[in-house]
Amino acid sequence: MPELPDVEVFRKTIDDKTIGKSINDYTIHVKDLVGSSRQKLNKIRGHKINSTQRRGKYCFLEIEDFDWLVLHFGMTGSVSYYEDDEEEPEYSAFSFQFKDKGHLSVISKRKLGKIEACKSPDAFAEENDIGTDALELSQDEFLELLDKKRGGIKGALMDQSLLSGIGNIYSDEILIQARLHPKMNLSKIDEKKRKELYTKMNEVLKKAIEVQADPSKLPKNYLIPVRNEGDSCPYCEGKVKKIKISGRGCYICPSCQKK
DNA sequence: AGTACCACCTGACGGC
DNA sequence: TGCCGTCAGGTGGTAC
């Protein structure tokens, strides 16, 4: 599930439950997810989690007298905090044990994401070509970015090097709310429409965070809860249709979103 | 540069 | 019930 809003919810969980706690030890269940050596990771032992940050779909943990740890969740990752008398969650790939009490698991069903050390969120973003977080962009910056980009609008929204955080699901939501067809070429989108898109992008992402990225708590007119072929469009009498873009399933309302 | 497609890896779901 | 194909919210690499 993890796009920007999901990762923001994960970050808040980590923040609420683990800031200031000293890491006693850690356990790796899925080796492939871990991108740093044991030797390096062992240095987190005995140190506190000082703060958290998020950029796009990446979550960063600042650990005292250490660099930072960066968490990426792939398609099926999440985090879960649990107490000493609770069981470790299913598909836990990595877990921290805290000195005081409690545990934090990084869960990954498909073993896609990544956990590794990095110098800082900014350095990591620089090295990995991760654009500004979608919620940190001013309208002017957003317009500037779109000017640099060619091709379809959905591709632009999902281009993590252009702006970071938006994935397949939320791009569909933003585009239907802005009444833009995902394949609409940027050259055909005027400034008024681009500004509307910026507004919708912010609205959707903020609303999703507000409801803890829980689709069932989204407002009634959202696409996400009815993102299935043949479901009723939240805006008109039409039906939701599935199309493919670069091999990925993409849901639209053909009458609300025209090419 | 943009787009399509494959690979990574495994689970969930629908059809037979 | 069980097997099989298909698909899945991400990213990276390749090829056109």
Side-chain angles (χ1 to χ4, degrees), chain A residues 1-11 28-35 54-59 70-79 89-94 106-116 118 124-125 127-131 133-134 145-176 181-189 201 204-205 207-209 211-218 222-230 240-252 259:
Chain A
M1 17 143 147
E3 296 182 36
L4 186 155
D6 310 277
V7 178
E8 179 60 14
V9 173
F10 301 160
R11 189 198 63 77
I28 297 173
H29 296 296
V30 179
K31 271 207 299 255
D32 292 349
L33 238 67
V34 181
R54 183 190 55 73
R55 176 142 173 179
K57 302 171 190 171
Y58 294 85
C59 183
V70 54
L71 310 182
H72 186 264
F73 300 96
M75 296 230 268
T76 55
S78 61
V79 297
E90 202 177 4
Y91 307 118
S92 173
F94 186 101
V106 176
I107 297 167
S108 181
K109 254 186 197 166
R110 283 175 69 184
K111 303 181 176 173
L112 291 176
K114 206 68 173 173
I115 301 170
E116 61 189 322
C118 67
F124 181 84
E127 275 164 40
N128 294 279
D129 201 15
I130 305 193
D133 187 81
L145 290 178
L146 290 191
D147 282 341
K148 292 197 298 197
K149 186 81 178 162
R150 305 283 124 107
I153 184 59
K154 185 176 167 88
L157 288 181
M158 289 176 61
D159 180 348
Q160 303 300 301
S161 67
L162 196 69
L163 73 172
S164 64
I166 298 171
N168 199 30
I169 293 271
Y170 283 97
S171 60
D172 281 357
E173 184 67 56
I174 293 163
L175 289 169
I176 194 172
H181 191 286
K183 285 188 176 169
M184 172 78 81
N185 196 288
L186 278 160
S187 62
K188 292 191 192 161
I189 305 176
M201 173 181 83
V204 166
L205 296 176
K207 176 56 77 176
I209 291 169
V211 302
Q212 268 70 246
D214 178 347
S216 70
K217 297 200 184 98
L218 286 170
Y222 270 51
L223 171 71
I224 289 173
V226 294
R227 200 171 165 280
N228 305 293
E229 174 108 28
V240 173
K241 188 174 173 234
K242 180 181 180 181
I243 61 174
K244 282 215 169 193
I245 297 181
S246 296
R248 305 201 64 186
C250 175
Y251 294 81
I252 62 165
K259 256 194 284 188

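Atoms considered below: every heavy atom in the structure, side chains included; atoms not considered: hydrogens, waters and symmetry mates. What you are looking at is a predicted structure, and each value in this text was computed from that prediction instead of being measured. Below, chains carry the letters A, B, ... as their sequence lines are ordered, and counting in each starts from 1.
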What's the CG-C1' distance between A:L112 and B:dC8, to the nearest Å? 6 Å

What contact category does A:G113 fall into here, base, sugar-phosphate, or nothing, at under 4.0 angstrom with non-hydrogen atoms? nothing

Among the nucleotides B:dG11, B:dG2, C:dA8, whichever has the atom closest to the side chain of A:K149 is B:dG2

Contact class for A:R110 vs. all strands (heavy atom < 4.0 Å): base, sugar-phosphate, or nothing? base

From CD of A:Q212 across to C1' of C:dG9 the rounded distance in Å is 18 Å

Compare every heavy atom of A:I174 with every heavy atom of A:I166, then report the nearest pair and how far apart it is. CD1-CD1, 3.9 Å

Integer-rounded Å distance: B:dA7 P and A:D32 CG: 18 Å

Categorize A:F73 for me: base, sugar-phosphate, or nothing, with a 4.0 angstrom heavy-atom threshold over every strand shown. nothing

Can you find a side chain N or O atom of A:K109 that sits less than 4.0 Å from OP1 or OP2 on B:dA12? yes

note: A:I169, atom CD1; C:dA8, atom P; distance rounded to Å ~ 9 Å

Considering only side-chain heavy atoms of A:K242, which listed nucleotide, C:dA8, B:dT3, B:dA12, is closest? C:dA8

Could you verify whether a donor N or O on one side chain and an acceptor N or O on the other, from A:K154 and A:N168, lie under 3.5 Å apart? yes

Looking at side-chain heavy atoms only, is the closest gap between A:I243 and A:I245 below 4.5 Å? yes

Which of parallel (below 30°), tilted (30 to 60°) and perpendicular (above 60°) describes A:F73 and A:F10? perpendicular

Is the phosphate of B:dT10 approached by A:K111 (side-chain N or O, under 4.0 Å from OP1 or OP2)? yes

Whole angstrom value for the distance that separates P of C:dG10 from CD1 of A:I115: 18 Å

Of the candidate nucleotides C:dT11, C:dA8, C:dG10, which contains the atom at the shortest distance from the side chain of A:Y251? C:dA8

Rounded to whole Å, how long is the line connecting atom CG of A:D159 with atom P of B:dA1? 11 Å

Of the listed B:dG11, C:dT11, C:dG9, the closest approach to the A:K57 side chain comes from C:dT11

Is the phosphate of C:dG10, meaning OP1 or OP2, less than 4.0 Å from a side-chain N or O of A:H72? no

What is the distance from NZ of A:K154 to C1' of C:dG10, rounded to the nearest Å? 13 Å

When you check the phosphate oxygens OP1 and OP2 of C:dG10, does a side-chain N or O of A:R248 lie under 4.0 Å from one of them? yes

Pairing check on B:dC9: which nucleotide meets the Watson-Crick or G-U wobble criteria with it, both distances under 3.5 Å? none

Complement of C:dG9, any strand, by Watson-Crick or G-U distances under 3.5 angstrom: none

Which whole number of Å gives the distance between the P atom of C:dC3 and that of B:dC9? 24 Å

C:dG10 C1' sits how many Å from A:Y170 OH, rounded? 15 Å

Quick check for you: among B:dT3, B:dA12, B:dC9, whose closest atom lies nearest to any side-chain atom of A:S246? B:dT3

